[in-house]
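These notes are about the structure you will find just below.
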Amino acid sequence: DQILEFEAMGGQMGVLVQDLEAFSTTVANLDVATNIDAEDVAIELGKMASILELSSDEYDNFADSLVRLGNNTATTESAIMNVAQRMSSVANVTSMSTPELLAWSAAIASTGQRSESAATAINNTITGIGAAVSKGGDTLNQFAAIANMSADEFKAAWANSSSDALRAFVEGLGRLTDDSTAAIEALGGFPQRTPLN
C-alpha cells in the first residue's frame, strides 16, 4: 500500500509511468536511510525528477549520492535535498549534471545558512553569470577577473561546464577574502537589484 502511495505521488509530480516503480523503491529506501520523511522525499524527488528528466536507472545513483553526501559532509540529507530541489531549474537550464547539482547543494547546505536563502543566493549568482556570459561587457569581465580568467576564457569555461566555471568564480572569491577591501571593491561593480517599493 505504501509503495502504491509513493507511485501515486510520483505520478502527480510528473514521473513517467515506466519510471514509477524505480521512483517508489528509491523513496522507500531514502525513507529508511535518511532523515527525510517519505512524503517529503516523494514530493521533492518527484519535482526534481520531472525537471531533471531522471530516468528509472538514475534513481539508485541519485539516492546513493545523496546518502554519501549526507554521511560525508557537514549537513543532512534533508538540507541537501531542500537546496537541490530549489536549484534544480537553474541547474537544468545551465546543463549542470545531477551529480554536480547534488555536490553544490551539499556544499551550500554545509555553510549552515537557511536552505531558502542559500539556494536563492546561488541561483541569483548562476543566473547573473549566465546573463553576463550571454551579453558580454563589463559584468562578464568582472566575473572573469575574479575567476582569474580572461572574458573569453571564462565564457568558454561556462559553455564547457557551468559547474567548473562557477567553482573557479567561488575559489576566486575565496582568494579575495584575505583582503576584505578587495572583495568589496571587486563585488561592488556588479549591478545591484532595484529594491521593490
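Bear in mind the structure is a predicted one, so any value in this text is a computation, not a measurement.
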- Which residue pairs satisfy the side chain to side chain donor-acceptor pair (under 3.5 Å) criterion with at least one member in residues 26-37, sequence neighbours excluded? Asn35-Ser78
- Quick one: side-chain contact (heavy atoms from CB on, under 4.5 Å) partners of Ser50, sequence neighbours excluded? none
- Item | Shortest non-hydrogen contact between Glu77 and Gly70, atoms and distance | OE2-CA, 3.9 Å
- Heavy atoms, side chains only, cut-off 4.5 Å: are Asn123 and Met87 in contact? yes
- Query: With a 4.5 Å heavy-atom cut-off, do Asn141 and Phe154 have their side chains touching?
  - Reply: no
- All pairs passing side chain to side chain donor-acceptor pair (under 3.5 Å) where residues 87-98 contributes a residue, at least two apart: Ser97-Glu100
- Message: Could you report the tightest heavy-atom contact between Met9 and Ile43, atom names first, then the distance?
- Response: CE-CG1, 3.7 Å
- Pairwise distance CD(Glu171) to CG(Asp164) - rounded to 0.5 angstrom: 9.5 Å
- Message: Any non-hydrogen side-chain atom of Val83 less than 4.5 Å from a side-chain atom of Trp104?
- Response: no
- Message: Give me each pair satisfying side chain to side chain donor-acceptor pair (under 3.5 Å) with a member in residues 60-69, each pair once, sequence neighbours excluded.
- Response: Asp64-Arg68
- Query: Would a 4.5 Å heavy-atom cut-off, applied to side chains only, mark Met48 and Leu54 as touching?
  - Reply: no
- Item | Spacing of CE belonging to Met81 relative to CD1 belonging to Ile36, to within rounding of 0.5 Å | 5.5 Å
- Task: Could you tell me whether the side chain of Glu44 and the main chain of Val41 form a donor-acceptor pair under 3.5 Å?
- Result: no
- Task: Over all heavy atoms of both residues, which pair between Ala103 and Leu69 is shortest? Give the atoms and the distance, please.
- Result: N-CD1, 4.0 Å
- With sequence neighbours left out, what residues match Ser150 under side-chain contact (heavy atoms from CB on, under 4.5 Å)? Asp152, Glu153
Tell me which donor-acceptor pairs under 3.5 Å the side chains of residues 16-24 have, and how far apart each pair is, sequence neighbours excluded?
from  : atom 1 : to    : atom 2 : distance (Å)
Asp19 : OD1    : Ser56 : N      : 3.2
Ser24 : OG     : Leu20 : O      : 3.1
Ser24 : OG     : Glu21 : O      : 3.0

